[in-house]
Structure formats: C-alpha cells, structure tokens
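Working notes for the structure below.
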Amino acid sequence: MPAFALPRFDGLSGRLLIMTISFVMLVEVLVYAPSVARFRLDWLEQRVQAAQLTVIALEAAPDAMVSTELANRLLDQVGAHAIVVPPTADTVRRGIFRDMPPAMDVAIDLRAPGFFPLIADAAGTLFHPDNRVLWVQGVAPELPGKRLDLLIDEAPLRQAMIAFSWRILGLSLLISFLTAALIFVTLRWMIVRPLREIAHSMIRFKGDPEDQSRAVPPSDRRDEIGLVRRELASMEETVRHALRQRARLAALGEAVTRINHDLRNILTTASLVSDRLAQSDSPEVRRVAPTLMAAIDRAVQLCQRTLDYVREDGPRLKRTRFPLVDLVGELDQVLAAPAGRSFTVRNLVPADVEMEADRDLVFRVLSNLGHNAVAAGAATLTVSAAEETERLVVTVLDDGPGLPPKALANLFQPFSGVGRAGGTGLGLAIARELMRAHGGDVVLAKTDAEGTAFRLVMPGNGTQARRAA
Ligand SMILES: Nc1ncnc2c1ncn2[C@@H]1O[C@H](COP(=O)(O)OP(=O)(O)OP(=O)(O)O)[C@@H](O)[C@H]1O
Ligand SMILES: [Mg+2]
C-alpha cells in the first residue's frame with residue numbers, strides 16, 4: 001500500500017480526521033460566543049471614546065457652541081444621532097444633537113458589563129434584523145462626570161459583527177483543517193500505519209504460518225505498539241515452533257507406523273517359530289523358550305500400543321452409566337505383581353457411585369495408573385471416589401517410592417517422561433488424553449517417598465442431579 005493513499009472514511013484514519021475537525025469546530029463554537037460579545041463591547045466603547053474626544057474639542061470652542069452643520073459632521077464622524085454629557089453637581093447637561101433625533105429602542109449600560117449579559121446582548125444584536133436605536137451609557141474618564149451617553153443606530157454594529165463572525169468562521173475552518181491534518185498525519189504515522197502493518201503481517205502469517213519471512217518485522221519502539229509487535233512476533237514464533245514440532249511428530253509417527261507394521265509381522269513369524277521351540281527335544285531350548293516368547297509378546301504389545309497411540313485421533317466415546325465399584329474390581333485381572341511380590345487393589349469406591357463415561361477407556365486409564373504402580377514396586381493400590389458438585393473425583397493412590405525426578409519434570413509428555421527401565425513413557429500421556437476426551441483430566445495429587453496419588457476428574461457426571469430428581 002502506498003504511504004499516502006487517500007484515507008478511507010470507514011478506516012481508523014478517516015474517522016480520526018472527521019473527529020478532529022468536528023472537535024476543533026466544537027471548541028471554536030464555544031469560543032465564538034464570548035469573542036463576538038467582546039467585539040461588540042469594543043465597538044461600542046470605541047464610539048464612546050470618539051464621542052469623548054469630540055466633547056473635549058468642543059469645550060475648547062468659544063461658548064462651546066457649534067453650527068448645526070459642524071454638529072452634524074461631528075455626529076457623522078462618531079456615527080451617532082446625539083452625544084449627551086449628563087449633568088454633575090457643578091456642570092449642566094450638555095451635548096450635540098441632530099435636528100430630529102429618533103426615539104431610542106434599547107438602553108445599553110457599558111459601565112459594568114457582565115459576562116453572560118454581554119453574550120445575551122450580542123445574540124440580541126445578531127438576531128435582530130431590524131435597525132434599533134440604542135441609548136448607550138458609556139464611561140468617559142476625561143470628562144468631569146466620567147460619563148457620556150450616545151444615541152446610535154444598531155445596524156452598523158450588526159454588520160460589523162456579521163463581518164467579524166465570517167472572519168472567525170474562516171479562521172476556525174483553517175485552524176481545524178490544519179490541526180486535523182497535523183493530528184491525522186501524526187496518528188497515521190504513529191498508530192495507523194504500524195497497526196496496518198501488524199494486521200497485514202497477521203494476515204500473511206495466517207496464509208502460511210511456517211514461512212519465517214512472513215514474521216512481524218522486529219521493532220525497537222518502547223510504546224504499546226512496540227509491545228504489541230514484540231508480543232505478536234513471539235507468539236508467531238511459538239506457533240511456528242509448535243507447527244514444526246507437529247510436523248516432525250507427524251513424520252515420526254508415519255515412520256514409526258511403517259516400521260511397526262513390518263516389525264509386528266516379523267515378530268509374529270518369530271512368535272510362531274518360538275511356539276515350535278517349546279516342543280523341542282533339547283531341554284535347554286525348552287527352558288529358554290517361555291522367556292523368549294514372553295519377550296516377543298512384550299515386543300508385539302509395544303508395537304501395538306505405539307501404533308494405537310499414533311493412529312488414535314481422539315478416541316470416539318461410547319458413554320454409558322456404570323457402577324464404578326465394579327470397574328475397579330476388574331483391575332485385579334490385569335494387574336499382577338512379578339514373582340516374589342504381592343500386589344493388592346483396595347477398592348474403596350462406594351457401591352452407589354456411578355460414572356457416566358466410556359467404560360473401556362476409563363478402564364484403560366485406571367489400568368495404566370495401576371501398571372505404573374506395579375512397575376514402581378508398590379504393594380497396594382487404593383482407589384477411592386467422591387462425588388462433588390457436577391463432577392466425580394477418583395483418587396488412585398499407591399504406596400510406591402514416588403515419581404523419579406525425570407518423570408516428574410516431563411509428566412504426561414509422551415515418550416519423554418520415562419523414569420524406569422523398559423517404560424515407553426506413553427501410559428500417563430494416554431491416560432490424560434482419554435480423560436480429556438471426556439472433558440475431564442488426570443492430575444498428580446501427591447508424590448513422595450510414601451507413595452504417589454493421581455486424581456481423575458470426570459465432569460458433569462450428573463449424579464447429584466439424578467439424586468435430587
Ligand atoms: N505410581 C508411580 N510411582 C512411581 N513412578 C511412577 C508412577 N507412575 C509413573 N511413574 C514414573 O513415570 C514415568 C512415566 O510413566 P508412563 O506411564 O507415562 O510411562 P511408562 O510407564 O514409563 O511407559 P508405558 O506406560 O508407556 O509402558 C514412568 O516411567 C515412571 O518412572
Ligand atoms: Mg506406564
């Protein structure tokens with residue numbers, strides 16, 4: 001976009017331009033009323049001063065008398081029908097008059113002008129289209145009584161005020177356009193352009209987030225715009241990183257899937273062959289055969305689990321309601337301690353607690369936690385459950401040695417949290433994924449030398465609502 005393209009009036013810059021012009025005009029209107037009132041006062045005071053000069057000059061004349069012709073010329077000069085000096089204790093009333101002065105319409109006292117009356121009088125003058133005859137009582141410091149009255153027409157005053165108003169309007173327009181233009185250019189340079197650049201860059205980023213060249217250009221501005229740019233750049237970097245990671249994982253997953261597939265076939269063959277080894281004549285071969293078969297079985301299982309994990313794109317839930325106590329009761333069948341050790345499951349789940357979830361998936365979660373406990377060397381696994389408001393909390397506690405630091409640091413991260421020999425590091429990741437698919441979660445409740453507890457949270461179990469009904 002060219003730097004000085006015409007502003008669009010629905011854009012930020014256009015709106016700013018219109019608003020600035022309107023605000024400056026509004027301020028000008030507020031300033032106009034007092035200034036036109038002031039103009040009117042000055043205009044009238046000038047007339048009074050001119051009249052005062054005339055009176056002083058006349059006092060120098062013999063007998064203070066002038067001819068009618070001179071009087072008229074002097075009155076023309078001041079722009080008045082009559083100039084009157086009111087009497088004082090020592091002087092009599094004096095003045096010059098036209099032959100037939102008109103009757104006055106309004107009396108105006110300039111001696112103690114108030115702010116609001118002045119504005120009201122100015123409005124009166126402006127909005128009174130007919131000529132009125134004003135009786136102006138002014139201040140004349142050079143005269144004995146310090147006072148002087150004038151009888152003048154309002155029309156010339158009104159015309160002068162209208163001319164003044166036009167000048168003010170022109171000036172206001174000029175000021176508002178200049179101010180608006182300056183503010184507009186400044187804001188455009190400081191805010192609108194950077195914002196557009198950011199918006200533009202976001203749109204480009206959306207188009208191809210992995211393209212490094214589309215990142216927000218760095219900025220060393222210290223203000224909010226600079227902050228937005230830096231935060232956006234860092235967010236884009238995070239997203240890009242996550243995408244790269246995802247792409248790598250996807251590629252890895254694909255490779256693993258292919259390798260696994262073939263490996264499983266090879267292992268199946270090996271398993272068939274080792275079956276036959278069990279019937280071998282050699283006692284030595286028969287002795288190692290079961291171990292070999294068990295190892296191959298474990299390898300097949302590992303392949304299968306990895307395949308399942310990579311393939312699984314969010315499990316499909318088959319929700320049912322079932323008594324949790326029964327499900328926990330079945331854990332015994334899949335959890336067995338190695339030879340020489342005992343392992344028991346303590347089922348503390350109340351008989352009336354029901355869970356609403358995919359039974360098989362919850363079983364997988366529980367057996368994953370159970371397998372971990374067995375592998376860690378625990379002797380007892382205690383499963384309890386408590387219904388809370390709109391959720392069911394199941395606690396799985398073992399009396400093993402606690403999580404090793406490496407596992408703790410990468411808990412729930414697939415492949416990276418392995419803390420024991422022979423682990424794949426998938427169990428907890430799968431457990432969390434399955435719980436989250438239900439809208440719930442699995443979290444570590446405690447881990448120390450006395451044991452480890454995980455807490456399963458299943459939301460919206462509806463148990464309480466059902467009971468209340
Ligand atoms: N109850 C527990 N007691 C002690 N350590 C545990 C416990 N549960 C998990 N761990 C540690 O956390 C690590 C990660 O567990 P996870 O179940 O994710 O993977 P794994 O058991 O190593 O492999 P997999 O479950 O995929 O066969 C384990 O290797 C183990 O060191
Ligand atoms: Mg495990």
Side-chain angles (χ1 to χ4, degrees), residues 249 252-253 256-257 259-260 263-264 267 294-312 314-315 328 330-338 341-349 360-385 393-438 440-457:
L249 278 180
L252 183 73
V256 168
T257 313
I259 296 171
N260 251 316
L263 196 61
R264 210 176 37 177
L267 286 171
I296 293 175
D297 275 351
R298 274 208 307 280
V300 172
Q301 253 180 38
L302 169 62
C303 288
Q304 191 56 50
R305 292 190 58 186
T306 314
L307 271 179
D308 288 350
Y309 180 74
V310 171
R311 277 196 198 134
E312 239 160 40
V328 174
E330 289 167 27
L331 276 177
D332 274 339
Q333 298 163 15
V334 291
L335 303 177
R341 268 176 46 201
S342 74
F343 184 78
T344 34
V345 178
R346 280 175 68 209
N347 188 346
L348 299 187
V349 178
D360 291 343
L361 296 188
V362 176
F363 190 71
R364 269 178 74 186
V365 173
L366 289 173
S367 49
N368 263 318
L369 297 180
H371 277 301
N372 283 350
V374 174
T380 323
L381 186 77
T382 312
V383 184
S384 54
V393 178
V394 182
T395 309
V396 181
L397 167 76
D398 68 46
D399 56 357
L403 286 165
K406 187 177 173 223
L408 197 55
N410 298 296
L411 210 61
F412 301 113
Q413 305 287 321
F415 302 112
S416 44
V418 188
R420 62 178 173 94
T424 19
L426 277 176
L428 289 177
I430 292 175
R432 170 161 275 185
E433 202 171 275
L434 297 180
M435 285 308 289
R436 289 197 170 165
H438 284 88
D441 204 356
V442 48
V443 291
L444 179 67
K446 77 141 206 175
T447 180
D448 53 33
E450 267 87 64
T452 306
F454 286 94
R455 190 181 296 139
L456 313 184
V457 180

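All ligand and atom numbering here is 1-based and tracks the order in the structure.
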Handout entry: Within-cut-off N or O pair, Pro401 and ligand 1, under 3.5 Å
Key = no
Exercise for the section: Without swapping roles, check the side chain of Arg341 against the backbone of Val374 for a donor-acceptor pair under 3.5 Å. Expected result: yes
Practice task
Check whether any side-chain heavy atom of Asp441 lies under 4.5 Å from a side-chain heavy atom of Arg432, and answer yes or no.
Solution key: yes
Problem - Min side-chain heavy-atom separation Val457-Met435 under 4.5 Å - result: no
Handout entry: Closest contact, heavy atoms only, Val349 versus Ala385
Key = CG1-CB, 4.0 Å
Practice task
Examine ligand 1 and decide if any of its atoms is less than 4.0 Å from a heavy atom belonging to Gly400.
Solution key: no
Exercise for the section: Please report the shortest heavy-atom distance between Thr447 and Gly402, naming the atom on each side. Expected result: OG1-CA, 3.3 Å
Handout entry: Residue, atom name and distance, where the atom is the protein heavy atom closest to atom 22 (O) of ligand 1
Key = Gly423 CA, 3.3 Å
Fill in the blank from the handout: Looking at Gln413, Lys406, Arg420, the heavy atom closest to atom 21 (O) of ligand 1 belongs to Arg420
Practice task
Would you mind finding which of Val418, Leu426, Leu403 brings a heavy atom closest to atom 11 (C) of ligand 1?
Solution key: Leu403
Completion exercise
re atom 19 (O) of ligand 1, the protein heavy-atom contact at minimum distance is Gly425 CA, 3.1 Å
Completion exercise
Taking every heavy atom of Ala453 against every heavy atom of Thr395, the minimum-distance pair comes out as CB-CG2, 4.4 Å
Handout entry: Close side-chain approach of Leu381 to Phe343, heavy-atom, < 4.5 Å
Key = yes
Practice task
Starting from atom 28 (C) of ligand 1, find the nearest protein heavy-atom neighbour and note its residue, name and distance.
Solution key: Gly419 N, 3.7 Å
Practice task
Could you tell me whether the side chain of Asp398 and the main chain of Ala378 form a donor-acceptor pair under 3.5 Å?
Solution key: no
Problem - Atoms of ligand 1, numbered as shown, that sit under 4.0 Å from any heavy atom of Asn372 - result: 7 (C), 8 (N), 9 (C), 15 (O), 16 (P), 17 (O), 21 (O), 25 (O)
Exercise for the section: For atom 2 (C) of ligand 1, grab the closest protein heavy atom and report residue, atom and distance to one decimal in Å. Expected result: Asp398 OD2, 3.7 Å
Handout entry: N, O or S of Asn372 under 2.8 Å from the Mg ion (ligand 2)
Key = yes
Practice task
Could you tell me whether Leu428 and ligand 1 have an N or O pair separated by under 3.5 Å?
Solution key: yes
Exercise for the section: Would you mind listing which atoms of ligand 1 come within a distance below 4.0 Å of any non-hydrogen atom of Pro404? Expected result: 5 (N), 31 (O)
Exercise for the section: Tell me, yes or no, whether the heavy-atom count around Arg346 atom CZ, taken from other residues, nucleotides or ligands under 6.0 Å, exceeds 12. Expected result: no
Problem - Contact atoms of ligand 1, heavy-atom distance to Gly402 under 4.0 Å - result: 4 (C), 5 (N)
Problem - Nitrogen or oxygen atoms of Gly427 and ligand 1 under 3.5 Å apart - result: yes
Fill in the blank from the handout: Lys446 and Asp448 have their tightest heavy-atom pair at NZ-OD1, 3.3 Å
Exercise for the section: Provide, to 0.1 Å, the distance between atom 13 (C) of ligand 1 and the closest protein heavy atom, together with that atom's residue and name. Expected result: Gly417 O, 3.0 Å
